[in-house]
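In this chain, numbering begins with 1 at the start of the sequence shown. The structure presented is a predicted model; accordingly, all values stated were derived computationally and were not measured.
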Amino acid sequence: STMPSNEGQAAGNERAGGGSSGQSGCMLSEVDLQCLVTDIQMLEVAKVAGAKWLEIGVYLGFNLTDINDYEVKHPGSLYRRLLGLLTDWARREERATVGMLLAACKKADIGGVVEKAVHEHRNTRQ
């Protein structure tokens with residue numbers, strides 16, 4: 001079914017353009033980027049993101065009030081904050097793709113490490 005592919009396509013094309021320019025070659029194929037994010041990939045991103053969790057939240061469309069709520073819920077753990085945020089993001093987004101998550105992580109300057117983590121746990125389902 002090729003229903004809401006227009007916006008996904010646009011995001012995919014924009015990503016491919018941005019990723020291939022100065023980067024050392026994207027490990028993930030266009031197909032990988034269009035795949036839905038898995039729980040394991042979210043766990044892996046939360047593991048490596050650390051203090052960047054806040055920026056990632058903003059780039060995924062959360063406002064600072066939302067982000068503050070995760071801070072209050074999980075005062076001692078950056079990992080738990082980002083995991084909660086990513087889980088909620090994947091739930092509210094119609095198609096939460098690897099490409100969307102990676103784009104947010106690249107803006108937060110952790111694209112490389114996240115790409116590696118996500119690549120090791122590629123989703124084979126579309």
Side-chain angles (χ1 to χ4, degrees):
S1 88
T2 55
M3 284 238 308
S5 69
N6 283 358
E7 73 185 31
Q9 219 57 47
N13 293 344
E14 176 194 325
R15 274 264 328 98
S20 59
S21 58
Q23 311 282 334
S24 55
C26 190
M27 282 188 234
L28 299 165
S29 73
E30 207 40 55
V31 173
D32 292 328
L33 295 173
Q34 295 295 333
C35 282
L36 298 178
V37 173
T38 65
D39 289 351
I40 294 196
Q41 288 171 330
M42 289 191 283
L43 287 170
E44 291 301 315
V45 171
K47 260 191 235 174
V48 297
K52 294 287 186 173
W53 80 276
L54 197 148
E55 283 177 68
I56 293 168
V58 170
Y59 291 128
L60 287 175
F62 288 84
N63 64 42
L64 292 175
T65 306
D66 293 336
I67 288 171
N68 188 51
D69 290 342
Y70 294 101
E71 225 162 351
V72 170
K73 268 187 231 163
H74 307 289
S77 173
L78 298 176
Y79 170 78
R80 294 287 306 158
R81 286 176 202 171
L82 183 56
L83 190 57
L85 185 144
L86 291 176
T87 305
D88 291 345
W89 168 73
R91 202 178 296 137
R92 81 178 189 191
E93 201 61 51
E94 200 174 311
R95 273 189 64 78
T97 66
V98 169
M100 293 162 79
L101 179 56
L102 188 58
C105 292
K106 282 186 174 178
K107 286 180 189 167
D109 294 325
I110 56 164
V113 63
V114 166
E115 191 171 341
K116 187 173 184 298
V118 168
H119 182 263
E120 286 164 13
H121 299 278
R122 284 198 308 280
N123 185 4
T124 48
R125 301 190 322 274
Q126 282 263 13

Using a 4.5 Å cut-off on heavy atoms from C-beta on, say whether the side chain of [Y] contacts that of [X].
X	Y	value
Ile56	Ile110	yes
Leu101	Leu86	yes
Leu85	Leu82	yes
Cys35	Thr97	no

At their closest point, which heavy atom of His121 faces which heavy atom of Thr38, and how far apart are they? O-OG1, 4.4 Å
Once side-chain contact (heavy atoms from CB on, under 4.5 Å) is applied, do any residues pair with [X], and if so which ones, sequence neighbours excluded?
X	result
Ala117	Glu44
Glu71	Trp53, Asn68, Arg81
Glu55	Lys52, Tyr59, Ala108

Cation-pi check, Arg92 to Phe62: give yes when NZ or CZ is under 6.0 Å from the six-membered ring centre and within 45° of the ring axis, no otherwise. yes
With sequence neighbours left out, the residues meeting salt bridge (Lys or Arg N to Asp or Glu O under 4.0 Å) with Asp66 are none
Among all residues two or more places apart in sequence or in another chain, which pass the salt bridge (Lys or Arg N to Asp or Glu O under 4.0 Å) test with Lys73? none
Sequence-distant partners of Asp69, side-chain hydrogen bond (donor to acceptor under 3.5 Å, both in side chains), two or more places apart: none
In sequence, state the C-alpha distance, the side-chain angles, and the governing distance for His74 and Tyr79, and then conclude on side chain to side chain contact (heavy atoms under 4.5 Å, CB included). CA-CA 9 Å; His74 307 289; Tyr79 170 78; over 6 Å; no
